[in-house]
Novice: 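What follows is a structure written as structure tokens; I'll ask about it next.
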Amino acid sequence: MPVVLLGASGCATVATVHPRVAADLGTASRGSALEASLARPGVVGFEQVAFARWTAGRAAFIEWDDPRTAAVPKGTEEATIFAYVIDHPRFGRYLIDGGVSRDLEPRLNPLMRRALRDLDVRIERTTGERLAGEAAPRAVFLTHLHFDHVGGVMDLVDGTPVYVGAGDAEERNLMHRLTGRPADIALEGKGPLREWAFAPDPDGVFAGVIDVFGDGSVWALSLPGHSPGSTGYLINAVAGPKLVTGDAVSIRLGWDQELPQPLPKGARAEARASVEALRRFAAAHPQVAVFLGHQPLAY
Ligand SMILES: [Zn+2]
């Protein structure tokens with residue numbers, strides 16, 4: 001989201017000081033094993049849920065200083081906060097990203113509340129409302145720790161395990177200081193963050209690949225750049241394989257035209273490599289449905 005809220009500068013602080021441990025789930029694997037899993041029938045239930053919408057100038061999403069964006073007219077983008085409910089026949093229910101909680105906004109500091117008011121974020125449903133009367137998720141797999149991906153974790157029962165890519169908690173940024181680290185608030189009561197331990201993918205399909213349950217049904221993909229620990233997920237769903245990119249690609253301009261996001265200079269090469277890996281993977285496997293961070297791919 002609003003990467004414009006996240007420009008790098010001095011006086012930086014980390015994304016969260018919440019305690020962290022190594023993930024107790026998942027095994028580092030390789031791209032060829034992930035690709036082989038696509039040929040088997042999917043077993044996982046998969047639902048994309050829209051929680052909130054906002055409208056923002058394109059500068060929040062693409063880098064005007066980059067010559068590749070020169071032909072793009074100024075304008076706005078409609079964005080949605082998504083999360084995903086996945087149901088594994090043996091291991092149960094999990095969430096990908098946290099959705100939205102009404103308990104977050106009143107706890108934010110004045111600057112962050114003002115930024116949200118300016119964005120006019122319209123909540124359509126909360127995580128608590130979506131999950132009411134159903135099995136509680138056994139854990140949340142985050143794409144990254146920005147507030148629009150972690151906020152809804154507040155609606156889950158205390159102690160729900162939360163997984164995130166290693167390095168994400170340590171993203172240093174001036175805005176984390178100004179905004180009072182919303183991830184700290186969202187994660188209160190949730191136990192330590194469990195960090196995916198990616199190892200380099202020997203096949204080079206992605207920077208790293210983790211077989212989450214050890215049965216090839218759900219994969220965590222290392223996609224650094226938008227944030228240091230940005231993680232995508234590949235779900236071998238009953239209705240066919242689904243690729244959740246997180247904000248490695250947040251809007252269609254980033255996918256269709258590969259336009260770069262506004263990011264600190266030091267993160268741009270990594271971000272570009274992650275987008276290229278995703279696009280190569282999707283082109284090689286056209287049966288995979290792609291779910292971008294904040295917009296539907298088809299419209
Ligand atoms: Zn983000």
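In listed order, ligands and their atoms are each counted from 1.
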Novice: Report yes or no: does His149 have an N/O/S atom closer than 2.8 Å to the Zn ion (ligand 1)?
Specialist: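 Within the cut-off used here (under 2.8 Å), His149 places no N, O or S atom near the Zn ion (ligand 1).
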Novice: For the Zn ion (ligand 1), give me the closest N/O/S atom belonging to His146, just the atom name.
Specialist: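 Sorting the N, O and S atoms of His146 by distance to the Zn ion (ligand 1) puts ND1 first.
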Novice: Any salt bridge linking Arg252 with Glu78? Criterion: basic side-chain nitrogen under 4.0 Å from a carboxylate oxygen.
Specialist: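 No, no charged N to carboxylate O under 4.0 Å.
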Novice: Is the His226-His149 ring centre distance short of 6.0 angstrom?
Specialist: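 Centroid separation for His226 and His149: 6.0 Å or greater.
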Novice: If you define the side chain from C-beta out and look only at heavy atoms, does anything of Arg93 sit under 4.5 Å from Val85?
Specialist: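 Touching, per the 4.5 Å side-chain cut-off.
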Novice: Heavy-atom distance under 4.5 Å between the side chains of Leu131 and Asp155, does that happen here?
Specialist: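 No. Closest side-chain heavy atoms not under 4.5 Å.
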Novice: Measuring to the Zn ion (ligand 1), does Asp247 have an N/O/S atom at a distance below 2.8 Å?
Specialist: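 Asp247 does place an N, O or S atom closer than 2.8 Å to the Zn ion (ligand 1).
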